[in-house]
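Report on the following structure.
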Amino acid sequence: MSIGDDENAPKAELYNRSNALKGKVGLNVQTNAEGQLDPEKVQEADALIKDMCKDCNKNIGEQLASLVRAWASMATLDQGEARTQKAQEVFTFAHDIKDIAALCGYGLAAHFAESLRDYVTEHSFADKNQRIIIQAHIDALVVIQKNNLKDDAGPVAEELKETVKLAISKYQ
Amino acid sequence: MVPTVHREHKHYDLSKFTILLVEDSVYMQTLISSMLKTFGVGDIVVCDGAEDAINLLTIMQARKQSRHINNVDIVLTDWLMPDGSGHELLQWIRGNDKEEICFLPVVVISGYTTERLTGLTRDLGANETLVKPISGKTLASRICTVIDHPRPFIRTANFFGPDRRRQDMPFEGNNRRSATPNIVDME
């Protein structure tokens, strides 16, 4: 039944369902009581992240190697489905590098990976200049990974950012 | 009137929970699964894209009579995946005609931080959005919000999902709403 001032107005239905999840975690579903996850377990989860991040630079290196391979084989392809697929791979590897780097506090790698991912999303690679800009991003990521550079600030970070910025302004 | 919340500070036991994790990156799959295991989640099912997840949920729903198959309690999904995106999965879930599927709590995990994406996931019917990088605290908080604050679902001509208004704000002006929603109480 719908009670409204205007019968022609769009109808909305509201579903109030019993909270089965609350029952599953052992709370009384009839009350508005709240609980929490054991803070020690939350800390343990954070420790897991910290532990996985010990190999962060190595993981970035593996993803980057795949990205470089996808990019190299893409350059040999003409416009078409195979090339679009390779472009998707470049995008995915850049996105993954950004996720891993951001998770582990590798701000500089996250910065360039995100910039590369967004650039790949917005451009078609048809233009030679666009390819130069992408290559500048990849070169920066290779330098960062090889030198295990972590911080998003500092003279080396600023120099790399400036180099890519110059490439973008020159070739865009 | 804002209802009084009674905090029991009880530690949740998630051993009876089944969480479906949809994530294409093996690295993130491993990490998030391990975190969920640490939280004590009983069953974690992992898919690497929306296509797999849709197939799995369809099979699980079809076999729901089996006592060996647990229903999924919460879906955690990445947004950008080559084999079917979080967008596709969310649309499929909310558009499904089976009750066990369309009301599933969905938490979107995304590496994009734009307000536009948060607005989009909300308008597609996501319960929560978790922006990467994730931490123990943010993951735990989204799971607890889904458990503690299950917003009622709303169906209109162009939306189905949790009520997008998160607060019961007192309103003292004239009531200009053209229609009161039809309230469906469900067990």
Which atoms of [X] are under 4.5 Å from chain B, going by heavy atoms: the side chain, the backbone, both sets, or neither?
X        : value
A/Asp96  : side chain
A/Lys98  : side chain
A/Asp118 : side chain

Practice item. May I ask you to name which of A/Val42, A/Thr92, A/Asp38 has the most heavy-atom pairs under 4.5 Å with chain B? Key: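 Greatest number of close heavy-atom pairs with chain B: A/Asp38.
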Check your understanding: What residue, out of A/His95, A/Glu89, A/Lys24, has the most heavy-atom pairs lying under 4.5 Å from chain B?
Key ->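 Option with the greatest count: A/Lys24.
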Please find the pair of heavy atoms, one from [X] and one from [Y], that lie closest to each other, and give the distance.
X        : Y        : result
B/Phe39  : A/Ala45  : CE2-CB, 3.7 Å
B/Arg155 : A/Tyr15  : NE-OH, 3.3 Å
A/Lys22  : B/Asp148 : NZ-O, 4.3 Å

**Study point:** A/Ala140: side-chain contact (heavy atoms from CB on, under 4.5 Å) partners, not counting sequence neighbours
**Key:**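 A/Ala140 satisfies side-chain contact (heavy atoms from CB on, under 4.5 Å) with A/Phe112, A/Leu160, A/Val164 only.
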Check your understanding: Mind checking what makes side-chain contact (heavy atoms from CB on, under 4.5 Å) contact with A/Thr163, not counting sequence neighbours?
Key ->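 Here no residue qualifies.
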Point to revise | Under 4.5 Å from a heavy atom of chain A, the part of B/Phe159 involved | key: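 Nothing of B/Phe159, per the 4.5 Å heavy-atom cut-off to chain A.
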**Study point:** Part of B/Ile134 within contact of chain A (heavy atom distance under 4.5 Å)
**Key:** both
For [X], look at atom [atom1] and say whether over 12 heavy atoms of other residues, nucleotides or ligands are found less than 6.0 Å away.
X        : atom1 : answer
A/Glu122 : CD    : yes
B/Lys37  : NZ    : no
B/Glu100 : CD    : yes
A/Gln88  : CD    : yes

Do [X] and [Y] have side chains that approach each other closer than 4.5 Å (heavy atoms only, starting at C-beta)?
X        : Y        : result
B/Ile154 : A/Leu14  : yes
B/Tyr27  : A/Leu103 : yes
B/Pro150 : A/Leu21  : no

Same cluster or not: [X] versus [Y], using hydrophobic residues (I, L, V, M, F, W, Y) connected whenever any side-chain heavy atoms lie under 4.5 Å apart?
X        : Y        : value
A/Ile138 : A/Ile132 : yes
A/Val142 : A/Val156 : yes
B/Val131 : B/Val106 : no
B/Leu56  : B/Val107 : yes
A/Ile49  : B/Ile109 : yes

Euclidean distance, [Y] [atom2] relative to [X] [atom1], rounded to 0.5 Å:
X        : Y        : atom1 : atom2 : answer
A/Thr121 : B/Leu80  : OG1   : CG    : 8.0 Å
A/Asp99  : B/Lys132 : CG    : NZ    : 3.5 Å
A/Leu27  : B/Asp13  : CG    : CG    : 10.5 Å
A/Glu40  : B/Thr38  : CD    : OG1   : 12.5 Å

Check your understanding: Using a cut-off of under 4.5 Å for heavy-atom pairs, which of B/Thr156, B/Asp24, B/Leu36, B/Asp73 has the most such pairs with chain A?
Key ->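 Between B/Thr156, B/Asp24, B/Leu36, B/Asp73, the count favours B/Asp73.
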**Study point:** Which of B/Cys144, B/Gly111, B/Ser15 touches chain A most, by non-hydrogen pairs under 4.5 Å
**Key:**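 That would be B/Gly111.
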Review point. Can you name the residues of residues 53-67 of chain A that have some heavy atom under 4.5 Å away from a heavy atom in chain B?
Key: A/Cys53, A/Asn59
Check your understanding: Judged by atom type as modelled, is there a donor-acceptor pair below 3.5 Å linking the side chain of A/Asp46 to the main-chain atoms of B/Gly136?
Key ->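 Yes; at least one donor-acceptor contact below 3.5 Å.
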**Study point:** Pairs satisfying ring pair (Phe, Tyr, Trp, His ring centres under 6.0 Å), at least one member in residues 27-80 of chain A, at least two apart
**Key:**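 Passing the test, one end in residues 27-80 of chain A: A/Trp71-A/Phe125.
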